[in-house]
Amino acid sequence: MSEEKKSLNFIEQIIEDDLANGVKKENLRFRFPPEPNGYLHIGHTKAIGISFGLGEKYNAPVNLRFDDTNPAKEEQEYVDAIKEDVAWLGYKWENECYSSDYFQQLYDWAIQLIKDGKAYVDSQSSEEMAKQKGTPTTVGVASPYRDRSVEDNLDLFTKMKNGEFEEGSHVLRAKIDMSSPNMLLRDPLMYRILKKSHHRTGNDWVIYPMYDWTHGESDYIEQISHSLCSLEFKPHRDLYNWFRDNVYVYSKENYPLAPKQREFSRLNLSYTIMSKRKLLRLVEEGIVSGWDDPRMPTISGLRRRGYTPAAIRNFIETVGVSKRENIIDVALLEFKIREDLNKKANRVMGVLNPVKLVITNYPENKEEILIAENNPELEEAGSREVPFSGELYIEREDFKEEANRKYFRLTIGKEVRLKNGYIIKGESCSKDEEGNITEIHCTYDPLSKSGSGTEESKRKVKGTLHWVSIKHAVEAEVRVYDRLFSDEAPDAHKDKDYMSFINPNSLKIIKAFVEPSLGKAKVGERFQFQRLGYFNVDRDTNSEKLIFNKIVGLRDTWTKKSK
RNA sequence: AAACCUGUAGUGUAAUGGUUAGCAUACAAGACUUUGACUCUUGUGGUAUAGGUUCAAAUCCUAUCAGGUUUACCA
């Protein structure tokens, strides 16, 4: 067996060090903790891939936990969508958890902190508190309520919980350090009053715990060993530890293991945005058709576009884990889907920009069945039958009356092969009054049929064209996508709104003709349209209309060069 | 400005003080080709800057520069 040394990323290194320093392998436990306030996007896939990937690597459980502490933003719809997306990516979670399941435990711990003089009720407005908080360079000042008695705090907090106060009138704060250089330690809020119905707890609670108070303690309750999150939470780590260490002394019998938080850089993709809030705006303003619009960087959008879980997971694997800011070239994502589909997708023929081709010496009314290989990369994919006749569609770009030697396609007097069929020779063409070509005439070599074994069939011609027989063709709608934004980093400009970079031509709807075998194609099925790209059957397809999404084009060195 | 974090080919990442700084992608050239695809071969291109420690520095130290994060009753 070849011992290939695989380098560890910095998180794996931390875990290996912990293991070496006494952490037991069976106590390794991870979690992916989305807030159900939107759809997951490709950026989340990195976080998912890291935690679930570690779970697979160390054979450790990974929880899916919904961080649902803000009923104003969260909905069941999002919970369902997130579960679907994570499952589709192929990850299995150990437990489905909700922070809201821990509200009572959190409340009990809060009471203990109050009793120990470590938390107090503040009755000022948020503006007043913000003013007292100071700035990173100037220390904060204490709230006039900071030294309330334990009895008063207990009484007020109980009344908060019982709904006796209005929203905004009181909050519970941790008593830490108003002069800390870390702003998060300047007596952070633990609870606020929110008289809103929660998608799971209904109206049971009118006080809701804040992120910092909830998140770390949820990790602790679930006995997560390594709580992995993105870099913007780095300053929260001190607070994470403060809450954890204070609660630990109350509950170490029940919860003996203390989790640790570590941070990695989030993923950014070129030519798109990665913020739920900003993506929501695209949906709400009708720029896209929904969260799963095939142009969206959401997992559901990529799924509908035709991306495979394998391609996305390979992408994440290749991207790696570090603490550097990054913008990953979307070309890498495109490479990964091509790489995957090149192995898996059957080859078919479809013409997106048709022009009529007539084979003048082909017997009138004759039809033939040609045999076409489904996938040269995959022998067991077998072959299929494709009907052929004397009247075909080919791509308009595949014919020029005359062209230089670099043009491998059909011209007057030159030969090309029709894929899986015959060698033809351009003879003439007819045009309308504006000079547009309406019909191309050619002759064919009857002995040159593909696979016939004749001398003529083995002749080499430089170009090969895809085609469909007009008589047998199936009409289809093809949705061709371009990037949603014209700028590489649309939301990285201080002086310009990302909406100003919207690409107005990100969707083109085309009437195309495809080979008849595709009449049976099922929703979601993926194909390579030879010489064009990869396509899948959109779920809008019905018995009257066949609809394809263009997933990605083939690598194209020709049009690039000829530009 | 303060504190903290981060700087390795265009992009992403590896090298855990010790070969000529590796890999992927992108780009370019060529071979092959019944897909101008795939595959294969080759090439261009990099340690932010300046000092220091050391037999030896991408790696350790210092300074500088650049970028990021934090100053929500969001997460």
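Protein chains get the first letters and strands the later ones, always in sequence-line order, with residue 1 at the start of each.
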>> Here's one to test your reading of the geometry: is the NZ or CZ of Arg200(A) within 45 degrees of the ring axis of Tyr98(A) and under 6.0 Å from its centre?
In response: yes
When we call it a touch if two heavy atoms are under 4.0 Å apart, what does [X] touch: a base, just sugar-phosphate, or nothing?
X: Phe408(A); result: base
X: Asn420(A); result: base
X: Ser126(A); result: base
X: Tyr407(A); result: base
X: Lys336(A); result: nothing
X: Arg555(A); result: sugar-phosphate
X: Gln124(A); result: base
X: Leu8(A); result: base
X: Gly463(A); result: nothing
X: Leu231(A); result: nothing
X: Arg409(A); result: base

> Considering only heavy atoms and no angle criterion, is a donor-acceptor pair shorter than 3.5 Å present between the side chain of Lys131(A) and the base of rU71(B)?
Replying inline: no
> Between the base of rA75(B) and the side chain of His236(A), is there a donor-acceptor distance below 3.5 Å?
Replying inline: yes
> Rounded to the nearest Å, what distance is computed from the CG atom of residue Leu184(A) to the P atom of nucleotide rA3(B)?
Replying inline: 17 Å
> Phosphate oxygens OP1/OP2 of rA75(B): is one of them under 4.0 Å from a side-chain N or O of Thr69(A)?
Replying inline: yes
> Do Ile273(A) and Asp491(A) come close enough that some side-chain heavy atom pair is under 4.5 Å?
Replying inline: yes
> Does the side chain of Glu373(A) come within less than 4.5 Å of Arg347(A)'s, by heavy atoms?
Replying inline: no
From C-beta outward on [X], which listed nucleotide comes closest to its side chain: [options]?
X: Met210(A); options: rA75(B), rA37(B), rC38(B); answer: rA75(B)
X: Thr135(A); options: rA2(B), rU71(B), rA14(B); answer: rU71(B)
X: Lys419(A); options: rA14(B), rU33(B), rU35(B); answer: rU35(B)
X: Asp67(A); options: rA37(B), rA75(B), rC73(B); answer: rA75(B)
X: Gln13(A); options: rA14(B), rU16(B), rG68(B); answer: rU16(B)
X: Phe233(A); options: rU34(B), rA75(B), rG12(B); answer: rA75(B)

> Tyr78(A) and Tyr39(A): aromatic ring centres closer than 6.0 Å?
Replying inline: yes
> Partner of rG10(B) by Watson-Crick or G-U wobble geometry, both contacts under 3.5 Å, or none?
Replying inline: rU25(B)
> Would Trp558(A) pass as stacked on rG36(B), i.e. its ring centre under 5.5 Å from the base's six-membered ring centre and planes under 30° apart?
Replying inline: yes
> rU69(B) and rA1(B): how far apart are their C1' atoms, nearest whole angstrom?
Replying inline: 15 Å
